[in-house]
Novice: 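Let me give you the structure first, and then I'll get to my questions.
Scope of the values below: all heavy atoms of this structure, side chains included, with no hydrogens, waters or symmetry mates. We name chains A, B, ... by the order of the sequence lines, and we start the count at 1 in each one.
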Protein chains: 2
Amino acid sequence: MNPSKVPDIVIGRLPLYLRALTQMAQDGKEITSSQELGGELGISSAQIRKDLSQFGEFGKQGTGYNIEFLADQLKRILHLDQIWDVALIGAGDLGTAIANYGGFIDRGFRIRSVYDNDPSKIGTWAGAYEVHSVDQLEKDLRDMGIKIVMLAVPASHAQEVTERLIAADVKAILCYAPISLSVPDSVKVQYIDPVLHLQHMTFYLSK
Amino acid sequence: MNPSKVPDIVIGRLPLYLRALTQMAQDGKEITSSQELGGELGISSAQIRKDLSQFGEFGKQGTGYNIEFLADQLKRILHLDQIWDVALIGAGDLGTAIANYGGFIDRGFRIRSVYDNDPSKIGTWAGAYEVHSVDQLEKDLRDMGIKIVMLAVPASHAQEVTERLIAADVKAILCYAPISLSVPDSVKVQYIDPVLHLQHMTFYLSK
DNA sequence: CCCCTTTGTGAAAAATGTTTGCAATGCCCG
DNA sequence: CGGGCATTGCAAACATTTTTCACAAAGGGG
C-alpha cells in the first residue's frame with residue numbers, strides 16, 4: 001500500500017497496537033482478536049481491522065491474529081525491523097532522565113550519542129553516555145548517519161539547534177521543548193509537552 | 001458554551017494556542033492575528049477563528065486579538081485561572097526528572113506531594129520534594145483534595161496504582177507508563193510514551 | 001456437517017477540516 | 001473627518017477524513 005495514501009492518524013495507532021501485542025506476547029498469549037485488542041486499548045474492533053487492512057491481510061477468519069506474526073508485520077510496516085540510532089541533545093535533568101531510561105532498546109531505538117552546549121558538562125556522564133560538545137554536531141551526526149534526534153534543550157535554544165539538525169540531514173525530531181519548531185516538510189517532528197496534556201484535562205475538571 | 005458540545009480535538013488545541021500566546025507575550029508583543037498565530041503553529045487562520053468562536057468573541061475586527069486578553073480567556077476556559085495541585089507517584093529516574101522540571105508552575109500546576117513504594121526512597125528528596133510512602137496514599141490525596149496525578153511508575157504497577165487513585169477520587173491521570181490504563185469514564189487519562197512518537201516517525205523514514 | 005467465531009471490506013454515517021463570501025468593525029493616514 | 005485597508009465572526013457549502021455498520025466468506029471444533 002502506498003504510504004502516502006494512509007492517513008497519518010492510522011500510522012499513529014500502529015505503535016499502540018504493537019505495544020499491546022508485545023505486552024500480550026510477554027504474557028504468553030499466542031492468539032488475539034481485533035475485539036480483544038480493541039478492548040485493551042479502548043478502540044473499536046472494526047477500526048483495528050480497518051487500519052490493518054490498509055497494509056494487507058494478517059488474520060484468519062474465525063480465529064483471529066497470531067500475535068507474534070502480527071507484531072512482526074507491524075514492525076516491518078513501521079520500519080522497526082532494525083535498530084535505529086538516535087542522538088540526544090541536552091544533558092540537563094530531562095536529558096539525563098532520558099539517557100537513563102531503559103525502555104528504548106527493546107522497542108527499536110538505541111541512544112548513540114549525547115550532546116550539550118555547557119562546557120562544564122562535556123566529558124561528564126549522563127547515565128551510560130559521555131556528554132559531547134555540540135561543536136562538531138553536524139559532522140558527528142552525518143558521520144554516524146543519525147536520522148533521529150531527541151531534543152531536550154531549553155525552548156530558547158530549540159529552534160537554533162533544530163536548524164543545525166536539519167543541516168546535518170536529520171529527518172525526525174522528538175522535541176521536548178514547549179514550542180513549535182519550524183522545519184521543512186521533509187523533516188518529521190513530534191512533540192512531548194506534559195503540560196499540554198494536563199491543560200487538556202483540566203478543561204473537564206471543575207473546582 | 002456547553003462543554004460537551006465542543007469536540008475534544010478542539011479542546012486539545014487550546015493549550016497549544018495558549019502556549020504560543022504566552023510566548024508572544026514574553027516577547028513583548030501585545031496584538032496578534034489569527035493568521036500570525038496560525039503561521040506560528042502550522043494551523044489555518046480559519047480554523048483558529050472557528051475554534052475560538054466556540055467559546056465567544058475575543059478579537060477586534062481590523063485589529064486582531066489582544067494577546068494578554070485572549071490568553072486570559074483561554075486560561076479561564078481551560079480552568080487554568082487557578083493553580084492545580086498535582087501529586088507525583090514514582091520517584092525513580094523519570095519521577096525525579098519530573099520533580100526537577102521547573103515548567104509546571106508558570107502554566108498552572110504545582111507539585112504538591114511525591115510518592116514511591118520503595119522503602120529505601122521514603123524520606124529522601126526528589127528535587128524539592130520529600131518522598132512519601134504510598135501506605136496512606138488514598139487518605140493523603142483525599143485530604144489534600146488532589147484531583148490530578150502524574151503517574152511515573154513501572155508499567156507493571158501502573159494499573160494497580162491507578163485503582164488506588166480512582167478510590168482516592170482522582171479525576172485526571174497523566175500516565176508515563178507504556179500501557180493503556182483501564183478507568184471509568186469519569187476519569188480522564190492522557191499518556192506520554194516517547195517511543196510511540198519515535199515509532200510513528202520511523203514509518204516515514206527509510207534506511 | 002453444523003455452529004460459532006472472526007476477518008476483511010464496501011457502504012453509510014458522522015465528524016472534522018477547508019474554502020468562500022461578506023457584513024461589521026476599527027485603525028491608519030492623508 | 002473620511003476613505004482605504006485589514007481582520008474578525010459567521011454562515012453556508014464543500015471536501016476530506018474517520019468511524020461505524022452490516023454481512024459474506026472462511027476457519028475450526030465437535
Novice: Using atom NZ of Lys50(B) as one end and atom P of dA13(D) as the other, report the distance to the nearest whole Å.
Specialist: 13 Å

Novice: Does Glu68(A) CD have over 12 foreign heavy atoms under 6.0 Å away?
Specialist: no

Novice: With rounding to the nearest 0.5 angstrom, report the CG to CG distance, Asp72(B) to Leu80(B).
Specialist: 11.0 Å

Novice: Check whether any side-chain nitrogen or oxygen of Ser53(B) sits under 4.0 Å from OP1 or OP2 of dG9(D), and answer yes or no.
Specialist: no

Novice: Of the non-hydrogen atoms in Leu74(A) and Leu14(A), which two are nearest, and what is the gap between them?
Specialist: CD2-CD2, 4.0 Å

Novice: Nearest 0.5 angstrom please: Leu16(A) CG to Asp193(B) CG, how far?
Specialist: 8.5 Å

Novice: Write down the atom of Gln199(B), the atom of Pro15(A), and the distance for their closest heavy-atom approach.
Specialist: OE1-CB, 3.3 Å

Novice: Anything under 30° is parallel, anything over 60° is perpendicular, the rest tilted; go ahead and classify Phe55(A) against Phe203(B).
Specialist: perpendicular

Novice: What's touching nucleotides 23-26 of chain D from the protein side, N or O pairs under 3.5 Å?
Specialist:
| residue | atom | partner | partner atom | Å |
| --- | --- | --- | --- | --- |
| dA26(D) | O4' | Gln61(A) | OE1 | 3.1 |

Novice: Quickly work out the Phe69(B) CZ to dT8(D) C1' distance and round it to whole Å.
Specialist: 14 Å

Novice: In this structure, how many angstroms lie between the C1' atom of dT16(D) and the CD1 atom of Ile9(B), rounded?
Specialist: 13 Å

Novice: Looking only at heavy atoms, which two atoms of Lys188(B) and Met201(A) are closest? And how far apart?
Specialist: O-SD, 3.7 Å

Novice: Answer with base, sugar-phosphate or nothing: what part of the nucleic acid does Leu52(B) contact at a heavy-atom distance below 4.0 Å?
Specialist: nothing

Novice: Please table the atom pairs, donor to acceptor, closer than 3.5 Å between any side-chain atom in residues 88-96 of chain A and protein atoms at least two apart or in another chain.
Specialist:
| residue | atom | partner | partner atom | Å |
| --- | --- | --- | --- | --- |
| Thr96(A) | OG1 | Ala91(A) | O | 3.4 |
| Thr96(A) | OG1 | Gly92(A) | O | 2.7 |

Novice: Tyr65(B) side chain: which of dG9(D), dC21(D), dG27(D) is closest?
Specialist: dG9(D)

Novice: Of all of residues 21-35 of chain A, which get a heavy atom below 4.0 angstrom from DNA chain D, listed by number?
Specialist: none

Novice: For Ile43(A) and dT19(D), give me the distance from atom CD1 to atom P, rounded to whole Å.
Specialist: 8 Å

Novice: Sorted by first residue and then second, give each salt bridge (charged side-chain N to carboxylate O under 4.0 Å, His left out) pair with at least one member in residues 44-60 of chain A; sequence neighbours left out.
Specialist: Arg13(A)-Asp51(A)

Novice: CZ of Phe55(B) versus C1' of dC10(D): gap in Å, rounded?
Specialist: 16 Å

Novice: Quickly work out the Asp51(B) CG to dT8(D) P distance and round it to whole Å.
Specialist: 14 Å

Novice: Which heavy-atom pair separates Ile83(A) from Phe109(A) by the least distance, and what is that distance?
Specialist: CG2-C, 4.2 Å

Novice: With heavy atoms of chain B within less than 4.0 Å as the criterion, where does contact along DNA chain C begin and end?
Specialist: dT16(C) to dC27(C)

Novice: Show me the side-chain donor-acceptor pairs of residues 171-187 of chain B shorter than 3.5 Å, one per line, residues at least two apart or across chains.
Specialist:
| residue | atom | partner | partner atom | Å |
| --- | --- | --- | --- | --- |
| Lys171(B) | NZ | Asp169(B) | OD1 | 3.2 |

